[in-house]
**Q** 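Following this message is one structure expressed as structure tokens.
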Amino acid sequence: HTRSLCDWSSDVCSSDLLRCLGAPAPQPARVAALDAPARLAVARPLLKGNPEQRRLALSWLVDLAGRAPTAPATEEAVRLLSEQDTPDIPPLLASLPPRWRDSAPVQARLAAADPSGRAALVVLKRWPLDPASWDLQWEVGRRQLLAGNWEAVLTTLNAIPAEQLPPALAEIGRAHV
């Protein structure tokens, strides 16, 4: 379910929306007529669908970011795009409006692809309080650990000072470093 922050009567169930729009692949014109929360609700389950449904969902999330860059649903759309781990994602992220291209989730996703880990350190320093940075920190640290690069692991795990992490993450970090 999704709910408009402004109108509590607008609860939207994504499965109901998909049925109304003609699932499994709703017509683009019908989706374009929906408001941002409803478009997000339609795209979210399609990300888990077949390749065609996923492609549609990705294009609708990018479109949402371009058409409604200040809508509350856009931040979630950008986070969903950034969480996808396939080769087609970096070009889609590059097509986002500048406001979103230069956001923690997008930069973290792009930094995760940097084998040196240097891009990750930049993201971790710039956005230490964003959950995308925390995920990046552990993802890069894990990759460095598996490669046996102990010095890089310590650098990555210490890039965000423990006092800037939520208490539960800070405790995990103290227990493992």
**Q** When rounded to the nearest 0.5 angstrom, what is the spacing between CG in L146 and CZ in R142?
**A**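 So the CG of L146 and the CZ of R142 are separated by 5.5 Å.
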**Q** Mind listing the closest non-hydrogen atom pair of P97 and G66 along with its distance?
**A**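 For P97 and G66, the tightest heavy-atom pair comes out as CG-CA, 3.9 Å.
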**Q** Can you tell me how far apart CG (L64) and OG (S59) are? Round to the nearest 0.5 Å.
**A**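 OG of S59 is found 11.0 Å from CG of L64.
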**Q** Under a 3.5 Å cutoff, is there a donor and acceptor pairing between the side chains of T86 and R54?
**A**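 Result is yes, a qualifying pair exists.
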**Q** Is N158 reaching over with its side chain to a backbone N or O of L154, donor-acceptor style, under 3.5 angstrom?
**A** yes
**Q** Could you tell me whether a side-chain N or O of W60 sits under 3.5 Å from a main-chain N or O of V42, the two making a donor and an acceptor?
**A**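 A pair under 3.5 Å: no.
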**Q** Once rounded to the nearest 0.5 Å, what's the spacing between atom CG of L124 and atom CZ of R126?
**A** 12.5 Å
**Q** Using modelled atom types and a 3.5 Å cut-off, is there a donor and acceptor pairing between side-chain atoms of D114 and backbone atoms of A119?
**A** yes
**Q** Indicate yes or no for a side-chain donor-acceptor contact from S133 to the backbone of W127 under 3.5 Å, with no hydrogens or angles considered.
**A** yes
**Q** Assess whether side-chain contact (heavy atoms from CB on, under 4.5 Å) is satisfied between L61 and L40, documenting all intermediate values.
**A** CA-CA 7 Å; L61 292 172; L40 180 61; 3.7 Å; yes
**Q** Taking W100 for the side chain and V78 for the main chain, is one N or O donor matched with an acceptor at less than 3.5 Å?
**A** no
**Q** Are the side chains of D63 and R39 in contact, using a 4.5 Å heavy-atom criterion?
**A**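 Yes - at least one pair of side-chain heavy atoms lies under 4.5 Å apart.
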**Q** Sub-3.5 Å donor-acceptor pair from the side chain of R143 to the main-chain atoms of W138, do we have one?
**A** no
**Q** Output the distance between atom CG (L80) and atom OG1 (T74), rounded to the nearest 0.5 Å.
**A** 11.5 Å
**Q** Is R79 salt-bridged to E76, going by a charged N under 4.0 Å from an acidic O?
**A** no
**Q** Quick test of your reading of the model: are D88 and R55 salt-bridged, counting only N-O distances below 4.0 Å?
**A**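 Here D88 does not pair with R55 in a salt bridge, since their nearest N and O are not under 4.0 Å apart.
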**Q** Within a 6.0 Å radius of atom CZ on R99, are there more than 12 heavy atoms belonging to other residues, nucleotides or ligands?
**A** yes
**Q** Spell out, as yes or no, whether a donor-acceptor pair under 3.5 Å connects the side chain of Q53 to the backbone of N50.
**A** yes
**Q** Taking L157 as the starting point, is it possible to reach W150 by hopping between hydrophobic residues whose side chains are less than 4.5 Å apart?
**A**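 Hydrophobic grouping puts W150 with L157.
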**Q** Measure across L145 and V153 and return the closest heavy-atom pair with its distance rounded to 0.1 Å.
**A** N-CG2, 3.3 Å
**Q** Pick out which of I89, L92, L93 makes a side chain to side chain contact (heavy atoms under 4.5 Å, CB included) with Q84.
**A**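 For Q84, the side chain to side chain contact (heavy atoms under 4.5 Å, CB included) check succeeds only for I89.
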**Q** For the residue pair Q144 and G117, what are the closest heavy atoms and their distance?
**A** NE2-CA, 4.3 Å
**Q** Which value, rounded to the nearest 0.5 Å, describes the distance between I160 atom CD1 and L136 atom CG?
**A** 8.0 Å
**Q** Check each of R109, Q137, Q107 against V123 using the side chain to side chain contact (heavy atoms under 4.5 Å, CB included) test, and report the only one that passes.
**A** Q107
**Q** With rounding to the nearest 0.5 Å, note down the distance linking CD in E52 to CG in L46.
**A** 10.0 Å
